[in-house]
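Report on the following structure.
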Amino acid sequence: MENKVVLVTGGSRGIGRSICETLAERGCTVIFTYLSNEEKAQALAAEIREKGQKAFAYYCDMSDLKSVVAFSAKIRKEYGNFDALVNNAGILGDGKPFLMSADDHWWNVMKTNIGSVTNTCRAVVPQMIAQKKGRIVNITSVSGQKGNPGQSAYSASKSAIVTFSKALAKEVGRFGVVVNCVSPGLIETDMTKNISNEYVSARSQFSALTRKGEVQEVASLVSYLICDAPEYIVAQELTIDGGLV
Ligand SMILES: NC(=O)c1ccc[n+]([C@@H]2O[C@H](COP(=O)([O-])OP(=O)(O)OC[C@H]3O[C@@H](n4cnc5c(N)ncnc54)[C@H](OP(=O)(O)O)[C@@H]3O)[C@@H](O)[C@H]2O)c1
C-alpha cells in the first residue's frame with residue numbers, strides 16, 4: 001500500500017482516528033475528513049506526519065453531496081486518484097425512543113449515516129472503475145443487525161448501509177472494485193461514553209469476551225480488508241463484537 005491514497009471519513013476521533021493511524025503505518029497516504037473537531041483533526045495529521053508517515057485532514061460535511069463531490073475532485077488534483085475508501089463517519093442520534101424523537105432529528109441521523117456513504121461512493125467509485133481497482137470498507141454496526149431501542153434511525157441507517165454495500169459490490173466487483181462492511185459491537189469511544197454502565201454490562205456480560213472492544217481492534221480488521229485481504233472476500237458484512245449475543 002506504499003503511497004496508495006486512502007480516504008477515511010470522520011478520522012478526527014475514535015475508530016476513524018485509529019484507522020487513520022493504522023493505514024498510515026502501512027504506508028498509505030491517508031486523507032481524512034472531520035466535521036467539528038478541526039483542532040483534534042489537524043493535531044492527529046501533524047502527529048502522524050511527525051512519524052514520517054502521510055496524513056492530511058480536511059473539513060468536509062460528508063452528508064452533503066455537493067461538498068463531497070467538490071472535495072474529492074480537489075483531493076484527486078492534489079494527491080492523485082483514490083485507491084481505497086473507508087466510510088467511517090457516523091452519528092448515534094439522541095437516544096430517544098422513535099415516538100419521542102423529532103422527525104427532522106431522525107432524518108438527520110439517516111442522512112448523515114447512509115448519505116455519507118452514498119455520497120462518497122458517487123464521488124469516488126467512477127474513478128475506481130476507470131482505474132479497474134479500488135477497495136471500499138463501510139463501517140456499519142451490530143445495531144443494524146439487531147435493532148436497538150433508542151436507536152431506531154441509527155439501526156435503520158446501519159442496516160441500509162449493509163444492503164447498499166452488498167448491492168454496490170455486485171454492480172462494481174467485475175470492474176475491480178471490492179466493497180465490504182465492518183460491523184463493530186460496543187467499542188470504547190466518545191459515541192458510547194454516555195451509554196449507561198447498566199446497559200453496557202447487560203449487553204456484554206453474556207458475550208464471549210465480556211468486555212467492550214478497542215478502536216485498534218476494529219482498525220486492524222479494516223486495514224486487513226484494505227491492504228491484505230484476497231479480493232474474493234467481497235460483498236460481506238464482517239462482525240467484530242467480542243461475541244455479543
Ligand atoms: N463506538 C461504537 O461502539 C461503534 C459501534 C458500531 C459502529 N460504530 C460506527 O463506527 C463509526 C465511528 O464511530 P466512533 O465511535 O468512532 O464515533 P465518534 O467517536 O463519535 O467519531 C465520529 C467521527 O465521525 C465524524 N463525523 C460525524 N459526522 C460527520 C459528517 N457529517 N461529516 C464528516 N465527519 C463526520 C466526526 O467528526 P468530528 O470529530 O469533527 O465531529 C468523528 O470523526 C461510526 O460510523 C459508528 O456508527 C461505532
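Remember, predicted model here, so these are calculated numbers, not experimental data. Remember, it's 1-based here, ligands and their atoms both numbered in the order they're listed. Residue numbers start at 1 and run along the sequence shown.
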Identity of the nearest option to atom 13 (O) of ligand 1, non-hydrogen atoms only, from Lys40, Lys111, Met191, Arg17: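 Looking at heavy atoms only, Met191 sits closest to atom 13 (O) of ligand 1.
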For atom 14 (P) of ligand 1, the option (of Thr189, Ile161, Val182, Asn88) bearing the nearest heavy atom: Thr189
For the side-chain contact (heavy atoms from CB on, under 4.5 Å) test, which of Leu225, Ile19, Val8 pairs with Val137?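 So, applying the side-chain contact (heavy atoms from CB on, under 4.5 Å) to Val137 and each of Leu225, Ile19, Val8, only Leu225 qualifies.
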If we check side-chain contact (heavy atoms from CB on, under 4.5 Å) with Ile114, which of these qualifies: Asn87, Asn138, Ile161?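 Going through Asn87, Asn138, Ile161 one by one, the side-chain contact (heavy atoms from CB on, under 4.5 Å) with Ile114 is satisfied by Ile161 alone.
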Which of the numbered atoms in ligand 1 are below 4.0 angstrom from a heavy atom of [X]?
{"X": "Thr192", "answer": "1 (N), 2 (C), 3 (O)"}
{"X": "Asn37", "answer": "38 (P), 39 (O), 40 (O), 41 (O)"}
{"X": "Ile15", "answer": "10 (O), 16 (O), 48 (C)"}
{"X": "Pro184", "answer": "5 (C), 6 (C), 7 (C)"}
{"X": "Ser36", "answer": "38 (P), 40 (O), 41 (O)"}
{"X": "Leu186", "answer": "3 (O)"}

Does the residue [X] have a heavy-atom contact with ligand 1, meaning some pair of atoms that are separated by less than 4.0 Å?
{"X": "Lys158", "value": "yes"}
{"X": "Gly185", "value": "yes"}
{"X": "Cys60", "value": "yes"}
{"X": "Thr9", "value": "no"}

Using side-chain heavy atoms (C-beta onward) and a distance below 4.5 Å, is Cys28 in contact with Val30?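 Yes, close enough: below the 4.5 Å cut-off.
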Are the side chains of Val6 and Asp83 in touch, meaning some heavy atoms are under 4.5 Å apart?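 Heavy-atom side-chain distance check fails, nothing below 4.5 Å.
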Do other residues, nucleotides or ligands put more than 12 heavy atoms under 6.0 Å from Glu231 CD? no
Over 12 non-hydrogen atoms of neighbours within 6.0 angstrom of CZ in Arg49: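 Atom CZ in Arg49 is crowded, with more than 12 foreign heavy atoms closer than 6.0 Å.
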Taking N or O atoms only and a 3.5 Å limit, does [X] qualify as a polar contact for ligand 1?
{"X": "Ile91", "result": "no"}
{"X": "Ile187", "result": "yes"}
{"X": "Tyr154", "result": "yes"}
{"X": "Thr112", "result": "no"}

Considering all heavy atoms, the nearest [X]-[Y] contact:
{"X": "Leu44", "Y": "Glu21", "result": "CD1-OE2, 3.8 Å"}
{"X": "Gly185", "Y": "Leu244", "result": "CA-CD1, 4.1 Å"}
{"X": "Cys181", "Y": "Ser165", "result": "SG-OG, 3.2 Å"}

Between Tyr58 and Phe32, does the side-chain contact (heavy atoms from CB on, under 4.5 Å) criterion hold? Intermediate values first, please. CA-CA 6 Å; Tyr58 290 89; Phe32 68 92; over 6 Å; no
What protein heavy atom sits nearest [atom], and how far away is it?
{"atom": "atom 22 (C) of ligand 1", "answer": "Gly90 O, 3.8 Å"}
{"atom": "atom 26 (N) of ligand 1", "answer": "Ala89 CB, 3.9 Å"}
{"atom": "atom 43 (O) of ligand 1", "answer": "Ser12 OG, 2.7 Å"}
{"atom": "atom 25 (C) of ligand 1", "answer": "Gly10 CA, 3.5 Å"}
{"atom": "atom 36 (C) of ligand 1", "answer": "Arg13 NH2, 3.7 Å"}
{"atom": "atom 7 (C) of ligand 1", "answer": "Thr140 O, 3.0 Å"}
{"atom": "atom 32 (N) of ligand 1", "answer": "Met62 N, 3.1 Å"}
{"atom": "atom 10 (O) of ligand 1", "answer": "Ile139 CG2, 3.3 Å"}

Could you check Ser157, Ser159, Ser155, Ser183 and say which one makes a side chain to side chain donor-acceptor pair (under 3.5 Å) with Ser143?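 Of the listed residues Ser157, Ser159, Ser155, Ser183, the side chain to side chain donor-acceptor pair (under 3.5 Å) partner of Ser143 is Ser155.
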Of the side chain and backbone of Val142, name the one, both, or neither that has a heavy atom under 4.0 Å from an atom of ligand 1.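 Within the 4.0 Å criterion, Val142 makes no contact with ligand 1.
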Transitive ILVMFWY side-chain link Val182 to Met62, under 4.5 Å: no
Angle between ring planes, Tyr79 versus Phe56, binned at 30° and 60°: parallel, tilted or perpendicular? tilted
Evaluate Glu47 against Lys51 for salt bridge (Lys or Arg N to Asp or Glu O under 4.0 Å), listing each step before the verdict. CA-CA 7 Å; Glu47 210 178 285; Lys51 293 190 252 176; 5.5 Å; no
Answer yes if the side chains of Asn37 and Ser12 hold a donor-acceptor pair under 3.5 Å, and no otherwise. no
